Amino acid sequence: MDKVYAPREIEARLYQRWEASGSFAPSGHGPPYSIVIPPPNVTGTLHMGHAFQHTLMDALTRLHRMDGDNTLWQPGTDHAGIATQMVVERQLAAEGRSRHDLGRDAFVAHVWKWKEESGGTISRQMRRLGASVDWSRDRFTMDEGMSAAVTEVFVQLHAEGLIYRGQRLVNWDPVLHTALSDLEVIAEPEPGHLWHLRYPLADGPGHVVVATTRPETMLGDTAVAVNPADERYQSLVGRQLRLPVTGRLIPVIADDYVDAAFGSGALKVTPGHDFNDYEVGRRHNLPTLNIFDRDARIVADVAADLAAIPAELRGLDRFTARKRVVALFEAQGLLDKVEPHSSPVPRGDRSEAVLEPWLTDQWYVRIAPLAEPAIRAVEDGRTRFVPESWAKTYFQWMHNIQDWCISRQLWWGHRIPAWYDDDGNIFVAANAEAARKQAHRHHGRDVPLRQDEDVLDTWFSSALWPFSTLGWPAQTPELKTFYPTAVLVTGFDIIFFWVARMIMMGLKFAGDVPFREVYITALIRDEHGDKMSKSKGNIIDPIDLIDGIALEPLIAKRTSGLMQPHLRNSIEKSTRKQFPNGIPAFGTDALRFTLAALASGGRDIRFDLGRVEGYRNFCNKIWNAARYVLMMTEGKDCGASGECEFSAADWWIRGRLQQAITTARESLASYRFDLAAAALYEFTWYEFCDWYLEFTKPVLQSPDATAAAQRGTRRTLVEVLEALLRLMHPLMPFITEEIWLQIAPLAGKAGATIMKQPFPRAADFSFDAARARDIELIKELILKLRNIRGENDIPASRRLEQVFFRNASAEQLATIQAHARYFDRLASARLQPFDASCDVDTAASALVGTLELYVPLRGLKDDLAAESARVAKLQERARKELEAVEGRLANPEFVRNAPPAVTAKARERARELERELTQLASQLQRLEKLR
RNA sequence: GGGCGAAUAGCUCAGCGGUUCAGAGCGCCUGCCUUACACGCAGGAUGUCGGGGGUUCGAAUCCCUCUUCGCCCACCA
């Protein structure tokens, strides 16, 4: 083995072996355990969020697989309708072409081709992370099977009246030319203006002032509304106004929706281009005028009822039109005033284009009937959110859920299984043939049909993912075995988009909740707490943490393909500052362990490179511990033959391992990966390496140790390490496998891979608490000695030949004498019973219980100032604590009310501290006397 | 407007059904290349646990309130 752990070659070799041997496929005979992956965009690349979630899913999968469960981690990718189409269209645009140049069929074929070429990136990256997904079951949302499930669900929901086609306002993206669902709208306040416009009365002098952020929409106004209780306007309700610019007549109406305190208290009503106005219009039977075309330009060809739009405005973009309309008002003296005003502007989450409420025909899911059982499923715990507080978020949205617009005017996606005849009749069917039959029945003859041009929202197919990937609508064995899945691991950003919809669809079509638990992970942010994004230039590619990357390539990566090229310089600067030497290679296990260690219950994780480095060091620590164990045991008798004699240290480390196993198991069961990681780290480093390995040295390297004792220690060494590797394997698959393959035979274990070995159970280890107890005393004595040594600057090379102790119990005496070699080796000290040769006056001393320890300093350290300072510090500390404890004991309420165990403990502690203080005081006195 | 989080050592975070709970990593200080590991070893320093109030024998931990920061939903044109 090399002195330093070199992950790169090991990782590649092991993953290939695992995959080739089919180790990822379900095979356990225990209860089924399944996780479906949140399908990443097929065209995308892995980001830190994926690495994070995949690490956790893989840890769970490996844990359950080791436990013997019939374990499936279902992989797959999502066609990501809008995102993918945009990427491909951008590529075409770079060649000076548009999708319309190609035509629908050729374009879709083009996207498929590109998917085949680039779709492998994600799976390659997942392999680098060690993801043990069953690749043989890889799925894509537009596969035949998935598409069949989509059609089946659509047809059935339609048959039940839960999918309908309707004309209403939608969020229209005038750049992408598609409708969007409410969830895809991001509304952030943006600075703008509030224009106060005068609308003259039609039948006399005077006017009403309306305030608006969107003056251009006045071309579609069909009323002005005031609050019915607003006395200022009561006399005007029912009268007509002459809408400027157009000359149309519109009524003044009264509606509670209007806030009398806002603006002028009079609201221009544009039912065709505002969601609230649309509702007002419906209540008052107002006409709805559509003044924009699909590009959100003022309609160029003029419908009869819009004839009043002046020619000069036709065809203008809405923002140009805005300026023109304002100018027209101003020219006519109808512009009352303009105020700066900030208001939310709705933008598409993908295109970032300003959306336009637009009247169109779209397909909707009537969602309330589906939501109701999904609410109950979470209420009664059939699906449990972890952390639980996310259930509130879920409920809040579900209780206010709106019908879901599922049609998109895109080409990439599942085409809607609906056909139209020339009369506008709709035939929804699984395929064209079935639709034709329906039409034939309806008409009594064959009629020409054309299929709906639209495709479905990407999330429609995602909603079916937990059962469609398992073969639904066919009742496959996989579906029976693995549905419902055990847990969904995902981020809170898609609770509405995805989690809620899966629960609704799962209950509706698969007859049960899709997962028993939803573990909501935190969001990975950069070191400043900012979201990682391409445009901020703060993205860290998980693969770069694994392999490392030099500064220049990193800068190139972060600054290439920027949507806003002007950010280039600042990104380069901050990158140079943060990573002056690029990023070193840390290896997969270090990254995975870091991600697990960061997975506490919070919502945000600030990614800290220092942590990765620390855990890279941890990998190296494990590696070297294994090297040591191998050196000590390879080719030697590890207890296979002959009696084993186990030392106190051997028993002690078993006990500590048991504790680590228990903590790790409990932590993983409750998704506290951070606590599991901490338990493993602490056991490995602070107990196994710092203490136990050191305890083995005097036994294994000393000629006077018996063969039985050496066998016992070797056996413990290999057994504990072997179990520890299994314990760590779910989080650190590579290093554990690499070492395990070498250690397992020594521990008497056979197997081709650690992956299929049982995850340790505390009960696997017999443990003798009484035998282990000696170690606590030994550790404490060694720590005191080291403290004295350190504070007095006595170099480690200087042996403490004479350390005296007195007031030891018989048991303590026996322990110390039996373990002389531990003190020799770990503290470089020799302990002996107190006698007259010990010069107490010039000795450093310490107290362990009643046992007094003396380290004569004469000849080692003649200046006693350091020792004085050390003792004074201890005294101060003890005095403070005693004060606190006595204060508590002096309180009669405490003595009366606190549980007896607590008061007894406090009294005991007080006695201890008093003893300590007495000793420290006399010590200090002696030291001071000599100075 | 409604809902949800967070505030603990210089930094990133544990601890939050109450009495050795004031912790970890990184950073910092002092010694050490002690044949598993300098990606290391040994020793050490560091915080009125955001402010205020309350409950209690006892609160970082429970309750109220304030301040600051963040997120989600709704959106008064």
Side-chain angles (χ1 to χ4, degrees), chain A residues 1 3-5 182 187 189 194 210-214 217 225 257-259 261-264 266-270 274-277 280 341 343-344 346 387 389-390 392-393 395-397 400 492-493 495-496 523 527 529 584 586 590 597-598 600-611 613-632 672 674-675 678 681-682 689-690 693-694 697 701 783 786-797 825-828 870 873 881 884-885 888-889 891-899 901-903 905-906 909:
Chain A
M1 286 175 87
K3 222 172 168 181
V4 173
Y5 175 57
D182 297 343
L194 193 59
V210 296
T212 179
T213 54
R214 300 203 52 198
T217 63
Y257 166 71
V258 181
D259 176 1
F262 187 89
S264 62
L267 168 73
K268 63 186 270 311
V269 181
T270 320
D274 182 284
F275 290 100
N276 289 310
D277 292 8
V280 174
H341 182 77
S343 63
S389 64
W390 288 110
K392 276 198 174 175
T393 306
F395 287 134
Q396 206 201 337
W397 188 69
N400 298 297
F492 57 79
D493 48 334
I495 288 179
F496 308 144
L523 215 65
E527 72 284 3
F586 295 117
L598 293 173
S600 58
R603 308 198 151 182
D604 298 306
I605 290 171
R606 292 191 190 207
F607 193 76
D608 177 11
L609 214 64
R611 293 290 287 266
E613 192 181 343
Y615 293 124
R616 187 270 318 262
N617 296 352
F618 180 51
C619 289
N620 195 240
K621 189 75 181 174
I622 296 166
W623 184 253
N624 277 287
R627 276 182 66 216
Y628 169 77
V629 173
L630 283 170
M631 282 177 200
M632 292 298 128
R672 286 303 304 268
D674 60 326
L675 299 182
Y681 186 95
E682 284 161 16
C689 291
D690 284 353
L693 294 189
E694 296 306 321
K697 287 175 183 175
Q701 295 170 356
L783 287 172
R786 284 176 180 170
N787 177 252
I788 288 170
R789 192 191 274 284
E791 293 292 285
N792 283 294
D793 285 320
I794 302 168
S797 53
R825 180 81 188 211
L826 276 72
S828 197
R870 188 185 76 90
K873 195 170 66 193
E881 195 186 339
V885 176
R888 240 186 300 154
L889 285 167
N891 183 345
E893 300 292 315
F894 171 69
V895 180
R896 190 163 52 235
N897 294 325
V902 172
T903 49
K905 212 167 174 184
R909 185 64 188 146

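What you see is a predicted model; the values in this text were computed from it and never measured. Order of the sequence lines fixes the chain letters, A, B, ..., with proteins taken first and strands second; residue numbering starts at 1 for each chain.
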Separation between the P atoms of rG31(B) and rG23(B), rounded to whole Å | 26 Å
Determine: side-chain N/O of Lys697(A) to OP1/OP2 of rA36(B), distance under 4.0 Å, yes or no.
-> yes
On RNA chain B, check which nucleotide each of Lys392(A) and Met632(A) is closest to and give me the residue with the more 5' one.
-> Lys392(A)
Phosphate oxygens OP1/OP2 of rU34(B): is one of them under 4.0 Å from a side-chain N or O of Ser797(A)?
-> no
Below 4.0 Å: OP1/OP2 of rC76(B) and any side-chain N or O of His341(A) | no
Hey, would you say the Tyr615(A) and Tyr681(A) ring centroids sit under 6.0 Å apart?
-> yes
Stems field, RNA chain B, Watson-Crick or wobble, 3.5 Å, at least 3 pairs, by first number, holds B:1-7 with B:67-73, B:10-13 with B:23-26, B:28-32 with B:40-44, B:50-54 with B:62-66
Could you give the distance separating rC28(B) and rC39(B) at their P atoms, to the nearest angstrom?
-> 14 Å
Does OP1 or OP2 of rG40(B) have a side-chain N or O of Asn617(A) closer than 4.0 Å?
-> yes
Determine the contact category for Arg786(A): base if any of its heavy atoms lies under 4.0 Å from a base atom, sugar-phosphate if only primed atoms, P, OP1 or OP2 are that close, otherwise nothing.
-> sugar-phosphate
Rounded to the nearest Å, what distance is computed from the CZ atom of residue Arg603(A) to the P atom of nucleotide rU12(B)?
-> 20 Å
With rounding to whole Å, what would you report as the distance between rU48(B) and rA22(B) at their C1' atoms?
-> 12 Å
Could you tell me whether the phosphate oxygens of rC37(B), OP1 or OP2, come under 4.0 Å of any side-chain nitrogen or oxygen in Lys621(A)?
-> no
Given the C1' atoms of rA60(B) and rU20(B), what is the spacing between them in whole Å?
-> 16 Å
Quantified in whole Å, what is the C1' atom distance between nucleotide rC13(B) and nucleotide rA7(B)?
-> 13 Å
Using only side-chain N and O atoms of Asn400(A), determine if any of them is under 4.0 Å from OP1 or OP2 of rC73(B).
-> no
Respond yes when some side-chain nitrogen or oxygen of Arg616(A) is under 4.0 Å from OP1 or OP2 of rC37(B), and no when none is.
-> no
In whole Å, what separates the C1' atom of rU68(B) from that of rG50(B)?
-> 8 Å
Any Arg789(A) side-chain nitrogen or oxygen under 4.0 Å from OP1 or OP2 of rG43(B) = no
Heavy atoms under 4.0 Å, any strand shown: does Gln396(A) hit a base, just sugar-phosphate, or nothing?
-> base
Is the shortest side-chain N/O distance from Lys268(A) to OP1 or OP2 of rA77(B) below 4.0 Å?
-> no
Map Ser600(A) and Val895(A) onto RNA chain B by nearest heavy atom, then report which one ends up closer to the 5' terminus.
-> Ser600(A)
Rounded to whole Å, CZ of Phe395(A) lies from C1' of rC4(B) at a distance of 15 Å
With rounding to whole Å, what would you report as the distance between rC62(B) and rA45(B) at their C1' atoms?
-> 34 Å
For rC64(B) and rC76(B), measure between their C1' atoms and round to the nearest Å.
-> 33 Å
Below 4.0 Å: OP1/OP2 of rA45(B) and any side-chain N or O of Lys873(A) | yes
Positive for salt bridge (charged side-chain N to carboxylate O under 4.0 Å, His left out) with Glu791(A), one of Lys873(A), Arg786(A), Arg870(A) = Lys873(A)
Kindly say if Asn897(A) contacts the phosphate of rC57(B), meaning a side-chain N or O under 4.0 Å from OP1 or OP2.
-> yes
In whole angstroms, the gap separating C1' of rA36(B) from CG of Leu826(A) amounts to 14 Å
Under 4.0 Å between a side-chain N or O of Tyr257(A) and OP1 or OP2 of rC76(B)?
-> yes
